Amino acid sequence: MKHLCCSVLVTLLALASWSHAEFTPEFATVESLPDQGGQHWFWMYGFRAPNMGDSRAFLMDERGRHLGQLNTGFWAKTVINSPQRGNIITLETYFSRGTRGERTDVVVLYDARTLAPVREVVIPPKRLNAVKTRHLAVLSEDEKFLLVVNYTPAQSVTIVDLEASAVVEEVETPGCSVLYSAGPRDYYAICANGSFLQLKIDDSGRVIARRRSDSLFDAVEDFLTISGSRIGDTWYFVSRDNNIYGITMAGDNISLKGMWPLVTDAEREAGWMIAGMEHTTAHEASGRLYVLVQQGERDDFEKPGSSVWVFDTATMEKQQEIDMQEMTMSIAVSQDEKPRLYTLDFHIPLNGLATLWMAIMEGEDSLAPLVSQRANVYDAVNGEHLLSSDMLPPGTVLGVKAW
Amino acid sequence: MKHLCCSVLVTLLALASWSHAEFTPEFATVESLPDQGGQHWFWMYGFRAPNMGDSRAFLMDERGRHLGQLNTGFWAKTVINSPQRGNIITLETYFSRGTRGERTDVVVLYDARTLAPVREVVIPPKRLNAVKTRHLAVLSEDEKFLLVVNYTPAQSVTIVDLEASAVVEEVETPGCSVLYSAGPRDYYAICANGSFLQLKIDDSGRVIARRRSDSLFDAVEDFLTISGSRIGDTWYFVSRDNNIYGITMAGDNISLKGMWPLVTDAEREAGWMIAGMEHTTAHEASGRLYVLVQQGERDDFEKPGSSVWVFDTATMEKQQEIDMQEMTMSIAVSQDEKPRLYTLDFHIPLNGLATLWMAIMEGEDSLAPLVSQRANVYDAVNGEHLLSSDMLPPGTVLGVKAW
Amino acid sequence: MLGKWLDNTVEHVTRRQARLTSRRSLLSRFGLLVIGAGFAPLLPVFRAGAFAEAPGIPEEGDPNHCSYWRYCAMDGYLCGCCGGSATSCPPGTVVSDITWIGTCRNPADGKHYVISYNDCCGKSACGNCGCQRDEGDTPLYRPQNSNNVNWCAGSQADVPYHCSLAVVIGVKE
Amino acid sequence: MLGKWLDNTVEHVTRRQARLTSRRSLLSRFGLLVIGAGFAPLLPVFRAGAFAEAPGIPEEGDPNHCSYWRYCAMDGYLCGCCGGSATSCPPGTVVSDITWIGTCRNPADGKHYVISYNDCCGKSACGNCGCQRDEGDTPLYRPQNSNNVNWCAGSQADVPYHCSLAVVIGVKE
């Protein structure tokens with residue numbers, strides 16, 4: 001029964017033929033991304049709470065405008081650029097009936113120019129659903145293997161061979177979770193007692209060594225947060241008690257490089273502390289570590305940050321404080337020579353007086369339903385605020401990263 | 001690898017045993033709905049734009065509080081109470097990868113006390129995805145058959161046998177769409193030329209007659225909107241040119257009962273016109289027809305309404321004007337002796353001065369991103385405003401109906 | 001006079017009538033909410049190159065704003081705010097094959113143009129720059145001119161609707 | 001002093017500093033946004049019967065508000081705003097079998113109680129009464145006390161998270 005369809009097409013043709021002789025009708029096209037060419041593109045991505053079944057990754061251009069989007073299924077948290085493959089890699093979960101029925105987890109490879117899915121690998125439906133967005137999966141340096149952190153609540157890691165589009169194996173990681181790269185074939189998970197678990201794979205992706213280190217931090221009094229950032233072979237972490245830890249992870253070797261206070265005594269006194277979700281990022285070439293901070297109280301460690309402090313990891317001295325324009329949840333720095341600092345922020349779309357008036361008359365709680373999200377972009381060298389991005393459609397995301 | 005799981009359980013037991021001897025630990029339970037017992041419950045439901053993949057139906061209690069929710073898949077628009085079955089019936093669409101992959105359409109039957117899905121019937125993946133919410137499916141009076149309106153863009157109707165959990169057949173309805181009940185086994189679709197197409201089914205659900213009526217309205221100058229409401233065997237419609245049409249549909253018989261102006265000349269002059277999406281509703285026992293109206297301009301016919309006008313269908317005289325508290329998109333009346341008028345509204349969660357200040361200083365466009373949705377409930381007899389409901393999570397829905 | 005709804009709100013604080021802006025203007029701005037309360041509007045910045053597609057058509061206005069002349073029968077999210085433009089779909093989506101048709105007056109030359117509102121399909125709804133205007137819109141039983149239909153139906157990607165274009169396919173002399 | 005972010009906004013209009021409310025208070029209220037910007041708060045009305053479950057525990061406060069004592073390590077939507085209560089899941093969901101544990105002080109008797117924050121699973125996230133407080137919260141590699149985990153994992157309904165309970169399972173004498 002195609003006649004309606006055809007009648008519409010005929011109408012279209014008829015309308016087109018009404019046209020003035022010199023008029024050229026337009027034709028609808030589909031965009032591809034322009035050549036990236038070092039432009040400062042960035043992603044905002046995540047589970048879009050409370051719309052977790054409609055997770056997305058939003059790609060933004062140098063001016064903070066929407067370039068495109070990926071649909072990433074249920075409670076998605078992982079977006080990884082794979083430049084050698086020309087892919088964007090995501091971890092996606094689907095249920096046969098949206099929020100019920102059979103669960104399927106897939107690694108999806110998108111074409112990095114068309115943003116269309118080109119391939120998928122079905123993996124065991126076990127991946128960790130967490131609020132945080134980073135270190136839940138690691139791409140090997142040669143972009144051949146993807147390691148996926150599981151939680152069922154049994155803890156394990158699935159190793160996926162992206163070339164063969166196949167699962168290599170699943171290995172148990174009891175008591176340990178999240179993953180950090182330590183070279184081409186070595187990865188470390190953090191364990192509940194303050195030690196680390198090494199997973200060494202061979203060129204076929206099979207685990208050939210699984211070793212637990214000594215305890216490298218005090219897992220009771222001074223937890224590391226999982227938001228680590230890598231400079232060379234050292235991962236920098238911050239801790240719940242506001243220290244910076246440098247942990248060197250190089251192949252089989254893991255050691256504590258050092259531990260330094262994030263805050264001075266005076267700053268601690270003034271309530272300065274860690275803030276937000278993805279609260280560290282690093283610019284590798286310059287050795288600068290960026291940490292999101294706030295003035296708060298003991299249990300406020302995931303509240304939005306108001307400042308980013310920049311440390312020179314050669315000296316561990318604070319070089320800079322960058323005041324945030326809005327309430328910042330996550331930060332990321334690009335790795336080029338003129339790096340940008342991207343901040344994922346809550347934004348109240350009211351002018352100052354209206355905000356103030358609502359806060360005074362109705363109480364600050366009244367502002368909560370108004371809040372939306374967008375990014376702000378800063379010069380990562382001098383801290384200058386460059387722009388605010390487009391707003392996101394409603395639904396909270398917590399991830400930001402450079403292209 | 002269950003040991004973490006078990007260790008947590010052991011911890012739970014250990015914690016519980018620390019308890020004071022007299023302390024009784026609580027246990028988590030799951031609610032069932034209380035006896036409905038004629039309470040004024042109502043639904044707000046729809047596609048939750050722009051989160052169409054996370055469509056939902058929200059059940060609200062007599063006080064406008066959340067009682068529960070159904071998850072209804074992609075771009076869902078249909079929620080039907082089936083009291084004889086003790087079910088809520090929905091039409092749901094799923095894709096194997098959320099927004100891509102294989103499409104599956106299902107009729108889902110939920111237990112009306114537990115709100116859990118108890119059964120589903122897979123139907124041809126063709127159902128009409130429209131912005132409007134009503135008349136896209138009809139349940140037969142004996143609740144045995146569900147008729148589903150399709151659009152692929154070929155127009156057809158699928159007949160589902162709910163007792164057999166099976167599709168009976170699909171019939172073409174070229175040039176005609178949406179469906180209205182005309183008795184136990186008769187249904188009418190509206191056709192593009194102003195006529196109606198009758199579908200008569202037998203007791204097995206097969207179509208035994210398909211007849212087209214004469215043209216009953218002017219399909220060029222004065223369209224009927226599809227938001228019809230039934231009193232006895234007459235469906236009342238409003239038209240784009242602001243008339244009320246009564247069309248009697250009784251078995252094989254269909255006829256124009258009458259056509260009356262919705263607005264007086266003075267009202268028309270003042271810009272009074274239809275408004276919103278589901279803009280008519282009727283209280284059968286009293287014969288009162290409720291129409292949502294606004295003051296607007298020609299093409300504003302889907303803009304929010306500011307008033308509900310109540311007509312006595314015995315005399316077609318306007319009995320009442322009920323001023324809306326907020327911007328109303330859809331209306332529904334309960335069928336009991338003390339009926340409620342439910343309105344689905346846009347709500348700006350600012351106080352008056354802040355709203356005014358934003359409108360003046362930033363322009364009215366600035367208010368748009370702030371808007372949320374909730375229902376208001378009125379006494380449908382005297383028009384008194386009774387309450388405003390809880391707000392809905394972000395995402396626009398357009399459907400409201402009584403339990 | 002402000003709309004009744006705004007009056008009511010304001011009344012609670014000021015107990016007086018405000019006469020600032022016409023109700024009609026206010027409601028027309030709220031019409032776009034139908035397809036997305038809480039949508040995110042973009043800055044109304046002109047996009048260089050957005051008009052490149054049809055050099056023969058004189059243009060004025062912002063193609064990323066609902067008031068742009070081509071959108072007189074638009075109901076959806078403007079693709080220019082989603083990684084595309086008024087005539088191009090964002091990356092990774094597909095153009096719907098058939099769609100609804102409107103006729104809009106171009107203020108730059110006073111001519112009426114025939115607009116094809118093709119949807120872009122295959123990703124979840126963009127959510128930016130929601131826009132609803134209903135010139136010539138017809139009910140669902142006359143789908144050819146109805147913007148109430150999900151026109152991704154029948155496209156290669158089926159019903160997942162992302163955003164809408166406004167492609168000029170004819171001119172009425 | 002208002003937070004820097006608010007200062008900046010206000011500065012554009014008033015060019016003066018405002019001293020109205022503490023930054024800490026402001027930020028603590030915004031913490032709950034993590035699980036849902038634009039969530040819909042409910043009226044803080046006491047629900048009769050909400051405390052019926054454990055007559056032995058003296059109670060005060062509103063179990064549909066994030067400030068309620070049992071929610072000291074809460075991260076999610078309060079089930080009392082979703083058709084359930086602080087100890088009962090909304091219709092059609094299932095209780096997660098294992099979950100995170102917190103210890104909260106009850107202001108009514110000064111005692112510390114052990115709270116099990118069971119999630120209710122099997123429907124999409126409720127979105128009402130988002131609440132985040134982090135007393136005693138630990139990172140993902142110490143999941144037993146971590147509210148960053150989707151605790152519906154391993155439940156009969158798997159990961160679709162709907163809302164969270166706060167069930168008293170012990171008292172510390």
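Quantities reported herein were computed from a predicted structural model and do not represent experimental measurements. Throughout, a chain's letter reflects where its sequence line sits, starting with A, and its residues are numbered from 1. Scope of the values below: all heavy atoms of this structure, side chains included, with no hydrogens, waters or symmetry mates.
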Counting only non-hydrogen atoms closer than 4.5 Å, does C:P91 touch chain A with its backbone (N, CA, C, O), its side chain (CB onward), both, or neither?
both

Under 3.5 Å donor-acceptor, A:E31 side chain and C:C89 backbone:
no

Heavy-atom check, side chain of C:N128 versus side chain of A:D390, under 4.5 Å:
no

Shortest non-hydrogen contact from C:C126 toward A:P393:
O-CG, 3.6 Å

Holding to side-chain contact (heavy atoms from CB on, under 4.5 Å), I want the full list of residues that pass it with A:P34, two or more places apart in sequence or in another chain.
A:W41

Only pairs of heavy atoms separated by less than 4.5 Å count here; which of C:P160, C:A125, C:G122 has the most with chain A?
C:A125

State whether the side chain of A:Q69 and the backbone N or O of C:G83 hold a donor-acceptor pair below 3.5 Å, judged by distance alone.
no

Within a strict 4.5 Å, meaning less than it, do heavy atoms of the A:H66 and C:C82 side chains meet?
no

Are more than 12 heavy atoms from other residues, nucleotides or ligands located less than 6.0 Å from atom CD of A:Q84?
yes

Would you name the heavy atoms of A:V30 and C:V95 that are closest together and state the gap between them?
CG2-CG2, 3.7 Å

Chain C heavy atoms under 4.5 Å from A:R374: which part of the residue, side chain, backbone, both or neither?
neither

Can you check whether A:F27 reaches C:T87 side chain to side chain, under 4.5 Å on heavy atoms?
no

Who pairs with C:S155 by side chain to side chain donor-acceptor pair (under 3.5 Å), at least two apart in sequence or on another chain?
none

Rounded to the nearest 0.5 angstrom, the NZ-CZ distance for C:K111 and A:F23 is 9.5 Å

Closest approach of A:E26 and C:I169, non-hydrogen atoms and distance?
O-CG2, 4.3 Å

Side chain, backbone, both or neither: which part of C:C120 has a non-hydrogen atom closer than 4.5 Å to chain A?
neither

Where on C:A166 is there a heavy atom nearer than 4.5 Å to chain A: the side chain, the backbone, both, or neither?
backbone

Please indicate whether A:E362 has more than 12 foreign heavy atoms, meaning atoms of other residues, nucleotides or ligands, lying under 6.0 Å from its CD.
yes

Measure distances from A:L59 to the heavy atoms of chain C and classify the residue's part below 4.5 Å as side chain, backbone, both or neither.
neither

I need the C:N64 CG to A:R65 CZ distance, nearest 0.5 Å.
8.0 Å

Looking at chain A, which one of C:N118, C:V167, C:T93 has the largest number of heavy-atom pairs inside 4.5 Å, strictly under?
C:V167

